[in-house]
Amino acid sequence: MTEELKVAVERKPRGAVLYTKGYINNVGGEEIANRAYELMDDGVRTLLLNLRETKIVNSIGISILIEIIEKMMDKGGKIAFCCLTPVIHKTFQIMGLANYASIFDNEEAASKELGL
Amino acid sequence: MTEELKVAVERKPRGAVLYTKGYINNVGGEEIANRAYELMDDGVRTLLLNLRETKIVNSIGISILIEIIEKMMDKGGKIAFCCLTPVIHKTFQIMGLANYASIFDNEEAASKELGL
Amino acid sequence: MTTTAERQMELTLPMVPDIEIAAARAVGNLAREMGMSSEHVDEMMHAVIEACINAREHSGCADNRIYLRFLGTSQDDGSRIDIWVTDHGRGFDPEEARSRRTAPGTPHKRGRGLQLIELHMDEVDISTTLNGGTTIHMVKYEKKS
Amino acid sequence: MTTTAERQMELTLPMVPDIEIAAARAVGNLAREMGMSSEHVDEMMHAVIEACINAREHSGCADNRIYLRFLGTSQDDGSRIDIWVTDHGRGFDPEEARSRRTAPGTPHKRGRGLQLIELHMDEVDISTTLNGGTTIHMVKYEKKS
Ligand SMILES: Nc1ncnc2c1ncn2[C@@H]1O[C@H](COP(=O)(O)OP(=O)(O)O)[C@@H](O)[C@H]1O
Ligand SMILES: Nc1ncnc2c1ncn2[C@@H]1O[C@H](COP(=O)(O)OP(=O)(O)O)[C@@H](O)[C@H]1O
């Protein structure tokens with residue numbers, strides 16, 4: 001089965017947006033983590049994850065997202081999410097992710113609020 | 001289940017093209033027949049069926065297509081098909097439909113050959 | 001020859017209009033997940049559609065159900081999908097049905113379902129008994145290239 | 001209350017990576033065909049994914065198989081889908097697993113699968129015995145609007 005996650009990066013004046021496409025499982029989560037850590041090493045401190053084209057996540061994938069958030073917080077930066085399906089939004093809430101990452105309905109609102 | 005067939009008609013200088021989208025079963029076949037008979041009543045004698053967006057047919061649907069071809073032949077006209085998937089093409093051959101209707105790879109080739 | 005992966009699906013469906021699409025989609029997904037080529041997937045889907053239509057149109061069964069079983073096996077040299085489509089209906093005489101056939105390619109409005117199934121699949125056998133129902137078993141192979 | 005339509009699917013899948021997607025897709029199709037809302041479909045798919053991951057990650061079963069059964073029933077007042085996810089593994093103590101949980105919303109890296117399942121579904125019960133395997137049975141309702 002090929003349920004490979006695709007990640008695209010867009011650098012912004014004051015941060016970056018990561019676009020995901022596909023299933024966020026362990027492998028997909030690691031893929032996002034690698035790209036996020038590259039950006040952090042590059043000095044990015046504000047990162048928006050746009051999950052527009054992700055319809056399914058699993059709890060292992062989400063736990064990797066939590067690790068990324070923790071790493072970014074250690075560096076004094078912040079991570080936010082936008083364009084979640086209702087079920088992914090709900091899942092993020094139970095998993096505790098909504099506690100230290102802001103969640104926005106769309107990318108415009110997120111960019112404005114984050115000052116990207 | 002809603003597997004409804006959609007049919008769109010485009011009148012051409014010397015005939016018409018019928019575009020189908022979806023499953024050609026008994027209901028879908030009847031839908032195509034109704035549109036085709038309207039066109040025939042209107043004097044259309046060259047009719048191309050573009051099945052570009054049809055991936056599945058069944059034998060009942062095809063038998064209705066054969067009826068349409070027969071009616072058109074009775075009126076001295078002709079019916080042709082284009083943009084069939086390999087499996088639909090093969091199916092048309094066994095069902096005998098390829099015997100009295102031309103089958104083209106694409107609409108350009110069909111229009112040119114039919115003089116639409 | 002070692003069998004590396006096997007997956008099975010059993011599906012009971014009510015005989016309602018277009019239910020054959022649910023059956024075809026299920027076998028299509030299974031076949032795609034096993035890496036079958038899209039043309040083979042398409043052929044299997046069309047075969048299952050004809051088998052389900054026959055069960056619905058001809059079996060006259062009382063329980064109004066179609067029973068499907070799909071078995072996918074991967075082997076060293078490729079994969080194989082077995083499909084069984086069963087109804088609890090009146091049964092029929094396949095020889096007699098075959099004798100009513102016209103040659104392939106002859107335009108003919110009905111009586112093509114079984115012929116299409118045989119053409120789309122690599123192996124087909126029918127077990128049917130009078131009032132004991134019908135099972136059509138079909139196999140599709142895909143060799144590793 | 002009359003039951004107007006019932007469909008059942010049984011699925012045996014090998015425990016390979018991402019196989020949970022095949023399971024989720026199968027139940028998703030069944031639910032959609034029964035007219036369930038897309039949000040309910042999505043919730044069921046996510047619940048099945050977590051149950052399959054648990055079976056693969058924790059059951060330690062020898063046969064390397066996940067057994068799924070989906071039953072869809074339409075009634076006058078709506079529809080209902082029952083899902084069973086079974087493994088032939090080591091079993092576990094659900095009470096003990098629950099006691100290891102942190103409160104919902106507390107960031108915690110693992111130990112959320114069962115919680116997510118309970119949240120996404122209307123009813124969940126687990127039958128599990130030591131070395132006798134685990135079956136998680138879950139139900140989703142959709143009332144006619
Ligand atoms: N499941 C079935 N139960 C009873 N009779 C069947 C079944 N499948 C096929 N038949 C018989 O075999 C005949 C040939 O079937 P088929 O080749 O599919 O053509 P068609 O369905 O167009 O008649 C049918 O007309 C029917 O009499
Ligand atoms: N099918 C299973 N077989 C054996 N143990 C299981 C099974 N499902 C769950 N468990 C046990 O229950 C615990 C809690 O599961 P869960 O809530 O999904 O969290 P996680 O999988 O993240 O640990 C697991 O750590 C495991 O010990």
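Quick note on labels: first sequence line is chain A, next is B, and so on, each numbered from 1.
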Out of curiosity, [X] [atom1] to [Y] [atom2], how far, rounded to the nearest 0.5 Å?
| X | Y | atom1 | atom2 | answer |
| --- | --- | --- | --- | --- |
| B/Ile62 | C/Leu116 | CD1 | CG | 6.5 Å |
| C/Asp18 | B/Asn58 | CG | CG | 8.5 Å |
| C/Glu20 | B/Ile56 | CD | CD1 | 9.0 Å |

Could you check whether atom [atom1] of [X] has more than 12 heavy atoms from other residues, nucleotides or ligands sitting under 6.0 Å from it?
| X | atom1 | result |
| --- | --- | --- |
| B/Lys112 | NZ | no |
| C/Glu96 | CD | yes |
| B/Lys21 | NZ | no |
| B/Asp105 | CG | no |
| B/Glu113 | CD | no |

Quiz item: Does a side-chain heavy-atom distance below 4.5 Å link B/Lys90 with C/His120?
Solution: yes
Quiz item: Name the one of C/His46, C/Arg112, C/Glu50 that satisfies side-chain hydrogen bond (donor to acceptor under 3.5 Å, both in side chains) with B/Ser59?
Solution: C/Glu50
Quiz prompt | Selection from B/Ile88, B/Thr85, B/Thr91 maximising heavy-atom pairs under 4.5 Å formed with chain C | solution = B/Thr91
Practice problem: Please look at B/Val57 and chain C and tell me whether the side chain, the backbone, both or neither of the residue comes under 4.5 angstrom of a heavy atom of that chain. | Solution: both
Practice problem: Check each atom of B/Ile69 against the heavy atoms of chain C and say whether the ones under 4.5 Å are side chain, backbone, both or neither. | Solution: neither
Self-check item: Which portion of C/Leu119 sits near chain B, non-hydrogen atoms under 4.5 angstrom
Solution: both
Exercise. Taking heavy atoms only and a threshold strictly under 4.5 Å, list by residue number the residues of residues 38-45 of chain C that touch chain B; give 'none' if the list is empty.
Key: C/Glu39, C/Asp42, C/Glu43, C/Met45
